[in-house]
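Below you'll find the structure, written out as structure tokens, and then a few comments.
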Amino acid sequence: MPYLTSSAADTASTDLGLGFGVPGYAHPLVAPMEWGELTRPGTPLHWVVLNVSGGPGARPDPHCLEAVGRLRNAGVRVLGHLDTTYGVRTFGELISDAHRYLDWYQAEGFFLSRCPSERAALPEVRRTVTTLRGLLDDSHIVLGHGTHPFPGYAESADQLVTFSGPWCDYRWSQVAEWTADYPPERFCHFVHGVPRGHLDEALRIARWQGASTIYFTDRTDRTDRTDRGGRDDPWETMPGYWDEIVSRIGTGVSE
């Protein structure tokens with residue numbers, strides 16, 4: 001199979017302790033059911049990303065405060081969304097956003113979306129991560145590359161998102177051989193457009209490739225050419241088979 005590149009990756013996949021990393025649902029006013037479902041007992045959540053408005057927003061949002069409070073009471077780790085725009089945003093802008101996430105929402109870490117992956121950008125990303133860890137003891141840092149980055153990034157973050165994209169690409173994807181030097185809990189996969197009938201296959205790929213934090217959805221990322229060129233974000237709503245996938249990798253859900 002094309003996504004098997006080493007025996008080490010296959011061996012490491014026997015028991016990954018799979019769980020969800022939620023990339024960020026829509027605002028709680030728009031997606032109240034999604035935020036409510038995250039506190040259901042038995043849901044194997046590793047963390048949830050809070051993205052108020054492309055970041056923390058201009059002021060504390062009462063609806064987000066309420067949603068985050070419920071998650072914290074349920075023992076769910078909440079990460080603040082920091083958009084690096086592939087290295088375009090400045091260090092000062094990112095740290096300013098981080099302060100607001102900490103002050104307003106008591107974030108327990110940060111998700112750096114659209115994180116650059118090339119070697120040349122590593123020193124600046126390392127500088128940002130080091131500063132973020134200085135702001136918060138035991139901060140959980142996830143770098144959202146969406147692809148396999150230069151291996152040195154693994155030394156800076158707690159987790160790397162090494163795949164983010166459609167099912168048609170994921171099912172034929174290949175894992176970078178250097179990832180076999182790290183345990184599965186260091187890697188995350190986000191896959192959209194996964195049909196219900198292919199969930200088992202998608203879970204097998206995650207195990208074989210050595211990723212223990214996942215988010216699979218049947219929602220799609222597409223450009224609507226008939227309506228002002230709008231874009232559908234596949235992560236903003238819950239997958240139609242949420243109960244099914246939770247029951248497969250968690251302790252089950254009650255109907």
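Nothing fancy with the numbering, it's 1 onward along the sequence.
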Glu34 (side chain) donor-acceptor with Thr237 (main chain) under 3.5 angstrom: no
Using 0.5 Å steps for rounding, measure from the CD1 atom of Ile141 to the CG atom of Leu79. 8.0 Å
In terms of ring plane angle, is the pair Tyr101 and Tyr105 parallel, tilted or perpendicular, where the classes change at 30° and 60°? tilted
Give the intermediate values and the outcome of side chain to side chain contact (heavy atoms under 4.5 Å, CB included) for residues Phe163 and Ile214. CA-CA 10 Å; Phe163 185 93; Ile214 63 167; over 6 Å; no
Non-hydrogen side-chain atoms of Ile245 and Phe20 separated by less than 4.5 Å: yes
Closest contact, heavy atoms only, Phe216 versus Ala206: CZ-CB, 4.2 Å
Thr84 to Pro116 - nearest heavy-atom pair and separation: OG1-CD, 3.6 Å
Kindly give the heavy-atom pair with the smallest separation between Pro234 and Thr217, and that separation in Å. O-CG2, 3.8 Å
If the plane angle is over 60° it's perpendicular, under 30° parallel, otherwise tilted; pick one for Trp47 and Phe111. tilted
Do Leu94 and Thr131 have side chains that approach each other closer than 4.5 Å (heavy atoms only, starting at C-beta)? no
Which atom pairs, donor and acceptor, lie under 3.5 Å between side-chain atoms of residues 21-32 and protein residues at least two apart or in another chain?
unit_1: Tyr25; atom_1: OH; unit_2: Tyr215; atom_2: OH; d: 2.9
unit_1: His27; atom_1: ND1; unit_2: Leu29; atom_2: N; d: 3.0
unit_1: His27; atom_1: NE2; unit_2: Asp61; atom_2: OD1; d: 3.4
unit_1: His27; atom_1: NE2; unit_2: Asp61; atom_2: OD2; d: 2.8

Could you measure the distance from the OG1 atom of Thr147 to the CD atom of Glu118? Nearest 0.5 Å is fine. 11.5 Å
Would you indicate whether the side-chain heavy atoms of Trp208 and Val175 approach each other to under 4.5 Å? no
Please check if the number of heavy atoms outside Arg248 that lie under 6.0 Å from its CZ is greater than 12. yes
Quick one: list whatever passes side-chain hydrogen bond (donor to acceptor under 3.5 Å, both in side chains) with His148, sequence neighbours left out. none
With under 30° as parallel and over 60° as perpendicular, where do the rings of Trp167 and Tyr170 fit, or are they tilted in between? tilted
Just verifying a value: how many Å separate Ser247 OG and Trp242 CH2, rounded to the nearest 0.5 Å? 11.0 Å
Between the main-chain N or O of Arg89 and the side-chain N or O of Thr85, is there a donor-acceptor pair closer than 3.5 Å? yes
Any Glu236 side-chain heavy atom under 4.5 Å of Asn51 side chain: no
Between the side chains of Arg204 and Glu201, is the shortest nitrogen-to-carboxylate-oxygen separation below 4.0 Å, so that they form an ion pair? no
Please check if the side chain of Thr128 supplies one atom and the backbone of Phe91 the other of a donor-acceptor pair under 3.5 Å. no
I need the Glu108 CD to Asp137 CG distance, nearest 0.5 Å. 13.0 Å
In terms of heavy-atom contacts, Gly240 and Asp218 come closest through N-OD1, 3.0 Å
Answer yes or no: does atom CG of Asp181 have more than 12 heavy-atom neighbours from other residues, nucleotides or ligands under 6.0 Å? yes
SB check Asp97 Arg100 (cutoff 4.0 Å): yes
Are any side-chain N or O atoms of Asp158 and backbone N or O atoms of Val142, one a donor and one an acceptor, separated by less than 3.5 Å? no
Side-chain donor/acceptor of Arg77 to backbone N/O of His140, under 3.5 Å: no
How many angstroms lie between NE2 in His192 and SG in Cys168, if you round to the nearest 0.5 Å? 8.0 Å
For Tyr182 and Glu155, run side chain to side chain contact (heavy atoms under 4.5 Å, CB included): C-alpha distance rounded to whole Å, both residues' side-chain angles, the deciding distance at 0.1 Å, then the answer. CA-CA 10 Å; Tyr182 298 89; Glu155 301 305 320; 2.3 Å; yes
Please output the side-chain donor-acceptor pairs of residues 62-71 that fall under 3.5 Å, not counting sequence neighbours, one pair per line with the distance.
unit_1: Glu66; atom_1: OE2; unit_2: Arg70; atom_2: NH1; d: 3.1

How long is the gap from CG on Leu112 to OG on Ser156, to the nearest 0.5 Å? 10.5 Å
If two hydrophobic side chains count as joined below 4.5 Å and joins carry through other members, does Leu143 share a cluster with Trp178? yes
Smallest heavy-atom separation, Leu102 atom then Ala107 atom, equals CD2-O, 3.4 Å
What is the minimum heavy-atom distance between Ala202 and Val194, and which atoms define it? CB-CG1, 4.1 Å
Backbone N/O of Leu160 and side chain of Arg186: donor-acceptor pair under 3.5 Å: no
Using side-chain heavy atoms (C-beta onward) and a distance below 4.5 Å, is Thr130 in contact with Arg126? yes
Between Asn73 and Thr39, is there a side-chain heavy-atom distance shorter than 4.5 Å? no
A side-chain contact here means heavy atoms from C-beta on lying under 4.5 Å apart; do Pro149 and Thr162 qualify? yes
